Each structure stands twice: as structure tokens, then as C-alpha cells.
Amino acid sequence: MTPPDPDLLSAAQSASAWPFEEAKKLVARIAASGKREVLFETGYGPSGLPHIGTFGEVARTTMVRNAFRVLTEDKIPTRLVAFSDDMDGLRKVPDNVPNKELLAANLNKPLTAVPDPFGTHSSFGAHNNARLRAFLDSFGFEYEFMSATECYRAGRFDATLRLMLERYDDVMGIMLPSLRAERSATYSPFLPLHPKTGHVMQVPIDEVRREAATLVWRDPETGERFETSVLGGGAKLQWKPDWAMRWVALGVDYEMAGKDLIDSVKLSSEIARALGAAPPDGFNYELFLDEKGQKISKSKGNGLTIEDWLTYGTPESLSLFMYNKPREAKRLFFDVIPRQVDDYLTFLEKYPAQDSKLRLGNPVWHIHAGAPPAPELVQGAGERAATISFAMLLNLVAVANTEEPSVLWGFIRRYAPGASPQTHPVLDRLVTHALAYYRDFVRPAKAYRAPSEAERAALAELSEALAPFAGSTDAEALQAAVYEVGRSHFPDTSGKAKSPDGRPGVSQAWFSAIYQVLLGEARGPRFGSFVALYGVAETRALIAKALAGELLAEHQAFVATRAAA
RNA sequence: GAGCGCGUAGCUCAGCUGGUAGAGCAACGGACUUUUAAUCUGUAGGUCCUGGGUUCGAGUCCCAGCGCGCUCACCA
């Protein structure tokens, strides 16, 4: 956290960026309650792997937390709990795991009682918890992990569970009207664990024994009667009462949730109030939509994964996406990535010159917890230092026609002689992303064609003409050679184009042929420069492959493989 | 049925606490490159969905309407 800065502190009081708006609610809440610390919670259901929504929730909650710390001069301690609902029963076998039979044999048990199908952890729940933590750690989030199973077993929830038993009728009174008739007939906020099978039982409760803190129920299959303690992990709660109980037991002050949970938040809040506590502050963020405007869901597998995003864009660009307009539905698809990357770079570049007020409204302040790094500038020839945009890299990589970072760096150095992967590590990461983008979006769109007889002859001659330049990186000389060949095979007939020495020019058709036959593109780079970077020998090999029909065949095979995948 | 959000240039969208409409791409023109990419630069393009209200002043705030989209009502 940045050291106290009076200018920053006063700017924070009037800051209107949404994390500050949220943080101000918390300041008022603390003033009213007199609490000495603030607890933020994010929830996680470990029946699957962490996904992009998990990232968003933690990232956004962290932004509110940072704003709160500035607002209160860091005088009130804050904690962020990542809570895993790992006592939940396994309802169905996920598609994306090995050893499905193993899981199928353990349905309905708490996730922490289901063996790990990956064989690396003590349970499926523990495995997914570990994945969550590794995931959050990889982004450097500051948080405390908490397991529902451990909390229940350790008795951490016991006092609140007893309270809920006492107010059982109030809780039922809140829940029942929200349910349909057939469901409300059998509903219970408590789910006892079966003493013999270990299953999380969703059964009607025959009797609630408040003094003993037990429930009396029957196994619907065997008819056997059980009396189960709700304490120490003998039972867990249904989701909405569970959420409410957790808020009360842990003292959660802030938790945000998706729009799909609006009604749940409402009910859980009522339950929390019935337990005599104030439900946490927070807000409902909008859901992400896929390219067709549908809700992104884990089960459907539509939309983007975190891995997808990080293939083409930086973590910071993903954070920016999460920062922007959390209350509006946004399309989350590949094509939004380049813009987020560039917007981030632009905000970062502006930051140093901004005053405190503007800084607090700058997304990079929130993304980097008040301490954004210096922008990585590049000094172009005769130009002022600036950030190289991702859009420019994407253009460059398309014309460079390469999956090699070194070739792309060659093009970059033409623009900015001083730059290298060593001096510009951030830019080097962007290069990697741009290459991935080329590989997956640009290359598949290429359209090679076979050369005509005339083009074939010209290309063969070009290859010969280049031979004496082996090893040369003289772009001008190479370009002259390209023109020389073109002049004899594809002279300009319009009379418009002229060479510097007044000789006839070269037809556009020559260049078009080069790009379409050799690069599979309608347009391309200045060819002499391309050869200089790509290499004379490599270019001659490229021509040979084109004349042998291999480029066309390879690309068709590439496209076919892709279509099959 | 209930809730949430959106409607601004051809497209995608910015417009923070009300003060003369902005960006990127696309289009068209120019510079540079021997005529292709990049880069630089110029031009054009908008009843800010409609109708009221508050105000000296509304894209922005309030109300109503129209249109579009999403979510929830079994489980989490």
C-alpha cells in the first residue's frame, strides 16, 4: 500500500470510481456497528475448477478493499476470506475429470469425503481447493482460505447453528414462501449427514430438539430413524440458510454476487436478520455473456476460460475488463481482448502525469492496488517515447507472417532501434500474445493459391536473383532485386509508375502474386524488408515450397486439422 | 410473473459529481515507401430511442412510454 499522502486521502473522499462508492458504504457500516475490522468474503463452490467468474469476484472485491484502506488511512484492519463450500454433496460427476466411476460411487457425499479422482489430494474437494489457491496465488491476491468442512467440524459454526435451531420457525417462515408446494412440503434448512453412508441427506425433518441441538429424521430408503446432532459437522445447512449462517458466524461485512443470485441474497439477508445480524453490504454484478449474448456457464462450457484470455492478453487486461462497469452485461469473447490490452496500456501511460483525483479514477490504480508500475516506453526514431500498442503488434505480426518472436522483434527494432526483450520485458510478453493471436486467428484465415505459369517463372527467377545476396540484410538492395525481376515479367502498362531512373515501373500484379502465393495474404509487407528479416536462404526455401505446391498443401492440411479439432 | 441492465457516428463503444458531442475500427483524401504493409496526417458522418418534467442550461437528474437483452422462480 502506498504511504499516506494527504493529497490522495482528500481525493479519496470525493472519488466516484465504483470501488470507492462501495468502500464508502463500508465506512458508514463500520461507523454504525463499531466493529474494529472489516471482513470481505468471496464464495467458491469446489465441485468444479476456478473459472473466469471466480477471478472477477476476487479481483473486484480486492479493488473495494483497496479503496477502503485508502479511505480509512489503513487504520481499520481488513481481511478477505475465500470461502470454499466444500461440504456440499457431490451431485453429479463432472465431465472433465478422470476416474468417473470412482466419483459415481461416491455421489451425495461431501466433496471433502469424495476420493480425489486425480489421486493427488486427500479428497476431490481438497484437490479443487488446492487448485483454487494455486490459481489465486498465481495472480498475487491477498486472501485467507477457509474450508466449510473444517469450520463445521471444528465447531466454529456451532453457536450460530444453535441460534438457527432456536429460530427454526422464523427461518422456515422465510424460506417456505419462496418454494413451490411440493418442495416446501419436504424442505428443511438442515441437511443431516447419514451416519452410515456419509451422504448429505435432503430429507424432511420429523422433529427439532433444540436443547439437544439434534434433528430426528428417517432414511427414506430403509425407513430407519436417526437423531443427528447439527453441531461439529453432523449436519450442514441448505445453501441460502448456509450463506446467512456463515455471514453471521464469521461476521462478514461485504460480499458481492452475480445478478443470478439477487433473490438468494434477499432471502439469505432476511435469514441473517432473523438471526439478529446485519447482512453484509455488496452489490450484484452483471453476468458475462458469450458471443451470442448467452449467460456463460460452467456446464455449457461456452465463453472464455481464464487460460483463453491469458493466451492472447495479459492478466492486467483481464483485471481491466473486470474493473470496467461491473453492473453492465458485457460480452466476454476473444475479440474484446486486444482493446482491453490497449486500454490498459493507455491508462498506464497516462497515470504518472495525473493528479491524485484523476489517479483514483484511473483503472490502473485499482488494478495495481494503488501502485501501478512505470509504463514501458519505446523511443521511435525521431519521435517521442511512447508505448507500443497491441493493435500495432497485431498488425506487425500479420505482415511479418511468422510465429517466431525473433522475427517480430526484428520488425519492432526497425521502428524502435533500442528495444529488445531484455530492455522491454512487458513488450516481450505482448509479442508472445500477438504471436498466439496470429497463430489462432490470422493464420487460419490465410488463403494460399497456386502460381500461374508466368508467376511461376518469375518466382523461380526471383529465387535465382536473390541467391547472390545470401546472408544480406540490406533491405534496399533486396527490394531492388525484387523490382528488377518484376520489371521483366510484370511491367507496368499504365505508364504511371516509374523507377527513380526513369525506367518503366512494375505492375501491381507482381506484388499481389508474391503475397497470395508465398504468404497467403491479399496484402503484405514491403518485400525487401521482409526478406532482410526473414533471411535470404529462408525466403528462397519459401519460394521453392510454393513452387512445389507444398505451401498450399500444408495450409490445407492445417485448416483440415483445425476443423477436425 | 418478479428483478437487473441497455438504447450515443456505418460497427464496437467512451462520455466521472449536469456546462457547446468523443475514441477505435470502417469510408474517403494526403504524406512517406519506386505503386503493396506499418507509421503519420486530414475529411466526412450523430433529432444522443420517444414524450414530458426540474434547471439559466439535460446525452447526463426525475417520471412515463417504446424497443432490445439477460437473470430468477429445482439445486448451488
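If you're wondering where the values come from, they're calculated on a predicted model, not measured in any experiment. The sequence lines fix the lettering, A, B, ..., with proteins before strands; numbering per chain opens at 1.
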(Q) What's the gap between B:C13 and B:G7 when it is taken at their P atoms, as a whole Å value? (A) 10 Å

Q) At under 4.0 Å, does any side-chain N or O of A:Arg180 touch on OP1 or OP2 of B:C74? A) yes

Q: Kindly point out which of B:G5, B:U71, B:A76 is positioned nearest to the side chain of A:Arg91?
A: B:A76

Q | A:Arg183 side chain, from C-beta outward: closest of B:A76, B:U71, B:C75 | A | B:C75

Q: Considering only atom C1', compute the distance from B:A44 to B:C25 and round it to an integer number of Å.
A: 16 Å

(Q) Could you tell me how far apart A:Asp343 (CG) and B:C25 (P) are, to the nearest whole angstrom? (A) 12 Å

Which pairs, protein N/O on one side and nucleotides 12-18 of chain B N/O on the other, fall under 3.5 Å?
residue: B:C13; atom: O2'; partner: A:Arg339; partner atom: NH2; Å: 3.1
residue: B:A14; atom: OP1; partner: A:Lys325; partner atom: NZ; Å: 3.4
residue: B:G15; atom: OP2; partner: A:Lys325; partner atom: NZ; Å: 3.3
residue: B:C16; atom: O2'; partner: A:Ser16; partner atom: OG; Å: 2.3
residue: B:U17; atom: O4; partner: A:Lys357; partner atom: NZ; Å: 3.3

Q: State the pairing partner of B:A27; accept Watson-Crick or G-U wobble contacts with both distances under 3.5 Å, and report none otherwise.
A: B:U43

Q: For nucleotides B:G67 and B:G29, find the distance between their P atoms and express it as a whole number of Å.
A: 42 Å

Q. Closest nucleotide of RNA chain B for A:Asp88 versus for A:Arg327: which of these residues is on the 5' side?
A. A:Arg327

Q. Hey, does A:Leu261 reach any base, or is it just sugar-phosphate, or nothing, if we go heavy atoms under 4.0 Å?
A. base

Q. Taking it one step at a time, do A:Tyr437 and A:Ile337 satisfy side chain to side chain contact (heavy atoms under 4.5 Å, CB included)?
A. CA-CA 10 Å; A:Tyr437 192 90; A:Ile337 296 175; over 6 Å; no

Q. Got a sec, which residues hit ring pair (Phe, Tyr, Trp, His ring centres under 6.0 Å) with A:Tyr312, two or more places apart in sequence or on another chain?
A. A:Phe334, A:Phe441

Q: Once you apply the 3.5 Å cut-off to both distances, tell me the Watson-Crick or G-U wobble partner of B:G57, or none.
A: none

Q: Return no unless some side-chain N or O of A:Gln202 is found under 4.0 Å from OP1 or OP2 of B:C75.
A: no

Q: Report the base-pairing partner of B:C16 (Watson-Crick or G-U wobble, both distances below 3.5 angstrom), or none.
A: none

Q. When rounded to the nearest Å, what value does the distance between C1' atoms of B:G46 and B:A14 take?
A. 15 Å

(Q) Whether A:Arg60 and A:Glu22 form a salt bridge (side-chain N of Lys/Arg under 4.0 Å from carboxylate O of Asp/Glu) is what I want to check. (A) no

Q) According to the Watson-Crick and G-U wobble definitions, with both distances under 3.5 Å, which nucleotide is paired to B:U35? A) none

Q: Please determine, by modelled atom types, if A:Tyr285 and A:Glu57 share a side-chain donor-acceptor pair under 3.5 angstrom.
A: yes

(Q) Say we look at B:C6 and B:C40: how far apart would their C1' atoms be, to the nearest angstrom? (A) 37 Å

Q. For A:Thr112 and A:Asp86, does a side-chain donor sit closer than 3.5 Å to a side-chain acceptor?
A. no

Q: Return the 5'-most residue of the pair A:Ala329, A:Tyr187 with respect to RNA chain B, ranking by each residue's nearest nucleotide.
A: A:Ala329

Q: Can you tell me, in whole Å, how much space there is between the P of B:C16 and that of B:G59?
A: 12 Å

Q. Where does the angle between the aromatic ring planes of A:Phe321 and A:Trp309 fall among parallel (under 30°), tilted (30 to 60°) and perpendicular (over 60°)?
A. tilted

Q | A:Ile514 to A:Leu459 - nearest heavy-atom pair and separation | A | CG1-CD2, 4.5 Å

Q. Across the strands shown, which category fits A:Asp85 at heavy-atom distances under 4.0 angstrom: base, sugar-phosphate, nothing?
A. sugar-phosphate

Q) A:His366 and A:Phe20: ring pair (Phe, Tyr, Trp, His ring centres under 6.0 Å), yes or no, with the steps? A) CA-CA 10 Å; A:His366 299 275; A:Phe20 281 100; 5.6 Å; yes

**Q.** Proximity to the side chain of A:Asp263 - top-ranked nucleotide from B:C72, B:C70, B:A76
**A.** B:C72

Q | Euclidean distance, atom CG of residue A:Asn284 to atom P of B:C70 [Å, nearest integer] | A | 19 Å

Q: Using both distances under 3.5 Å as the test, list the Watson-Crick or G-U wobble partner of B:G67, or none.
A: B:C6

Q.
My understanding is that a pair needs two contacts under 3.5 Å, Watson-Crick or G-U wobble. By that rule, which nucleotide pairs with B:G1?
A. B:C72

Q.
Under the criterion side chain to side chain contact (heavy atoms under 4.5 Å, CB included), I'd like the reasoning laid out for A:Trp510 against A:Val485: C-alpha separation, chi angles, the key distance, then a yes or no.
A. CA-CA 9 Å; A:Trp510 172 227; A:Val485 174; 4.0 Å; yes

Q. Could you give the CE-to-P distance, from A:Met256 to B:C4, as a whole number of Å?
A. 18 Å

Q. P atom, B:G22 versus B:G15: distance in rounded Å?
A. 15 Å

(Q) For the P atoms, the ones on B:C49 and on B:A9, what distance do you get once it is rounded to whole angstrom? (A) 8 Å

Q: Could you check which of B:G69, B:A76, B:U34 has an atom nearest any side-chain atom of A:Tyr483?
A: B:U34

